[in-house]
Chemist: 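Please read through the structure below; I'll follow up with questions.
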Amino acid sequence: MSKPPKDGSNKEHKDSDKSAIDNSAPDTKIVTAGRDPEWTGPVVNTPVWRASTHLYDNCADLADGVKRGGDEEFFYGRRGSPTQWSLAKAITEMESPETSGAYGTLLFPSGVAAINIALLSVLKPGDVLLMSDNSYDPSRGFANGLLKRMGIETRFFDPLIGSAIEELFCANTKAILMESPGSLTFEITDIPAICAVAKKHNIITLLDNTWATSYFYPALEKGIDISIIAATKYIVGHSDVMMGSLTTHEKYWLRLRKTARQLGQVVSPDDAYLAARGLRTMAARLKTHEQSALKIAHWLDKRDDVDKVLHPALPSCPGHKIWKRDYKGSSGLFSFIIKGDKKRAAHIIDNLNLYGIGFSWGGFESLALLVHPEQNRSATQWQEDGAVIRLQIGLEDCNDLIADLAQAMNKEMK
Ligand SMILES: *Cc1c(COP(=O)(O)O)cnc(C)c1O
């Protein structure tokens, strides 16, 4: 393969590349982005550069490298190699830099690491963080654990609050973390409204955009400052790699990169290779996840034993109108509320044959999970009587998935 760049020339290269794909649609971008010929050489995918040590020609060459300390340039394994740079660049391109100002992407060994290091990068003792009440449980745990010990206070807010969030701002409010939709209860937040008032007060906005990804929701374009994705889910897509990413503007780039470097964050080239391979088919997979999940959600909605379907594309989901206004599509994860108690819900899940029982989602296979939203909120209260089942709809035949649900839901409890 051709020798990857060792000097600052890759920056120019990057810019010229960018203009070449400016106008392409997301489905084209997802195939072409980050496949820089200097990194791929004569093959299609950027190969795996498995290395800790990067060798220099001589001492002066090494000293130069230290001085530059740039991105996308060989230095030492912790700074990555073309395998990781190529994936990061592809994720940046997916955020439409030409219209959103997306500048760069950092990769982390998990989605949790990406969220928490983003928070650590922008907060300091004495600051107040606002966090959406439907946030992912480990995000709440970080707020109530390490952030609290550092003297950073977190106040939770109703995900449906919209621009009224302004009333919660105080002199020390520094950042807002949102998750839309929430990954258990699926409320859609009015992100443009919240970002607009946050900007007025110089408050940094962060979004956990794992459910939609930039494919269905280009977060930076909607006003978000730091867009975070648990790549473990749809980008990887095959339930075999843990990874997180964050994408941001030039304004926050150096601050975030510095914190990530200080904390020694690096993803393995093998994992980056698998994630990049997953990304190439993400559009095709998401469309199937979307169609099947919609069909199943509508089927559930018609059943007498279902109280409510919490799927952003259905009017029964809180924030549905905002989803309709802002999102380009819906993915394969949603919940429904079954009449009866958790025992009945567990009975249904245990009798499913095609749905695995386990955490995570975004892979090719279907999953079912009994969830407990009442345990994960403080600013709002969970009002529903029934038990909540979360489904990840995979790429199996949709009619088989419906038939499996039907037999499990129709089975009498002994
Ligand atoms: C899974 C998940 C994460 C965390 O990702 P990991 O890679 O598992 O650490 C963060 N946010 C949401 C919404 C998730 O579903």
Side-chain angles (χ1 to χ4, degrees), residues 87 91 105-120 131-143 145-146 156 159 176-189 191 206-217 219 224 226-247 260 263 265-268 271-272 274-275 278-279 282 286 289 293 310-312 317 319 323 327 330-335 356-363 365-373 376-377 388 390-394:
L87 171 63
I91 295 173
T105 294
L106 294 167
L107 301 174
F108 297 87
S110 70
V112 163
I115 296 167
N116 296 354
I117 290 169
L119 291 172
L120 272 182
M131 188 182 288
S132 155
D133 209 24
N134 59 354
S135 287
Y136 188 61
D137 194 39
S139 301
R140 295 182 73 96
F142 185 65
L146 188 62
F156 293 91
I176 306 172
L177 175 67
M178 293 165 264
E179 185 177 318
S180 179
S183 61
L184 301 182
T185 45
F186 299 91
E187 302 90 342
I188 295 279
T189 297
I191 288 164
L206 303 94
L207 175 67
D208 179 339
N209 198 23
T210 301
W211 182 86
T213 76
S214 52
Y215 184 75
F216 284 143
Y217 195 78
I224 287 289
I226 303 172
S227 169
I228 303 163
I229 298 176
T232 307
K233 313 293 164 60
Y234 287 124
I235 291 182
V236 165
H238 295 73
S239 304
D240 50 5
V241 172
M242 303 291 301
M243 198 177 294
S245 74
L246 70 75
T247 306
L263 290 168
Q265 298 299 299
V266 62
V267 304
S268 87
D271 286 352
L274 286 172
L279 180 69
M282 190 177 77
L286 275 177
H289 287 299
L310 301 172
H311 183 305
C317 190
W323 173 82
Y327 284 68
S330 55
S331 61
L333 189 80
F334 69 96
S335 291
I357 303 171
F359 294 116
S360 202
W361 47 278
E365 83 292 8
S366 291
L367 299 168
L369 198 66
L370 179 61
V371 297
H372 312 281
N376 285 319
R377 23 190 88 208
V388 185
R390 188 181 78 176
L391 297 178
Q392 127 87 5
I393 302 304

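All values reported here derive from a predicted model rather than from experimental measurement. All ligand and atom numbering here is 1-based and tracks the order in the structure.
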Chemist: What I want to know is whether W361 and ligand 1 share at least one N or O pair that is separated by under 3.5 angstrom.
Modeler: yes
Chemist: Around atom 8 (O) of ligand 1, find the nearest protein heavy atom and jot down its residue, atom name and distance.
Modeler: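 For atom 8 (O) of ligand 1, the nearest protein heavy atom comes out as M242 CE, 3.5 Å.
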Chemist: Does R377 make a cation-pi contact with F156 (under 6.0 Å, within 45 degrees of the axis)?
Modeler: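 Here R377 fails the 6.0 Å and 45° test against F156.
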Chemist: Relative to atom 5 (O) of ligand 1, which among P109, A230, S139, G182 owns the nearest non-hydrogen atom?
Modeler: A230
Chemist: In the protein, what heavy atom is nearest to atom 6 (P) of ligand 1, and what distance, to one decimal place, separates them?
Modeler: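 Ranking protein heavy atoms by distance from atom 6 (P) of ligand 1, first comes G111 N, 3.3 Å.
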Chemist: For L177 and S139, run side chain to side chain contact (heavy atoms under 4.5 Å, CB included): C-alpha distance rounded to whole Å, both residues' side-chain angles, the deciding distance at 0.1 Å, then the answer.
Modeler: CA-CA 9 Å; L177 175 67; S139 301; 4.1 Å; yes
Chemist: Is S183 close to ligand 1, meaning an N/O of one under 3.5 Å from an N/O of the other?
Modeler: no
Chemist: Just to confirm my output: which protein heavy-atom neighbour is closest to atom 12 (C) of ligand 1, and how far is it?
Modeler: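 The answer is D208 OD2, 3.4 Å.
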Chemist: In ligand 1, which numbered atoms sit nearer than 4.0 Å to a non-hydrogen atom of I115?
Modeler: 10 (C)
Chemist: Mind running side chain to side chain donor-acceptor pair (under 3.5 Å) on N134 and E179 for me, showing each step along the way?
Modeler: CA-CA 7 Å; N134 59 354; E179 185 177 318; over 6 Å; no
Chemist: Assess the side chains of T247 and S227: does a donor N or O sit below 3.5 Å from an acceptor N or O?
Modeler: no
Chemist: Would you say the rings of F216 and Y327 are close, in the sense that their centroids are separated by under 6.0 Å?
Modeler: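 They do not qualify: ring centres at least 6.0 Å apart.
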Chemist: What's the shortest distance from atom 7 (O) of ligand 1 to any protein heavy atom, and which residue and atom give it?
Modeler: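 Answer for atom 7 (O) of ligand 1: T232 OG1, 2.6 Å.
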Chemist: Which atoms of ligand 1 sit under 4.0 Å from any heavy atom of E179?
Modeler: 13 (C)
Chemist: How close does the nearest protein non-hydrogen atom get to atom 9 (O) of ligand 1, and which residue and atom is it?
Modeler: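 So the nearest neighbour among protein heavy atoms is V112 N, 2.9 Å.
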Chemist: What protein heavy atom lies closest to atom 14 (C) of ligand 1? Include the residue and the distance to one decimal.
Modeler: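 Sorting protein heavy atoms by distance from atom 14 (C) of ligand 1 puts K233 NZ, 2.8 Å first.
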Chemist: Check the side chains of E187 and S180 for a donor-acceptor pair under 3.5 angstrom, ignoring hydrogens and angles.
Modeler: no
Chemist: Please state whether the rings of W211 and F186 are parallel, tilted or perpendicular, taking 30° and 60° as the class boundaries.
Modeler: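 Rings of W211 and F186: perpendicular, as their planes differ by over 60°.
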Chemist: Between I235, V267, V236, T232, which is the residue that forms a side chain to side chain contact (heavy atoms under 4.5 Å, CB included) with V241?
Modeler: V236
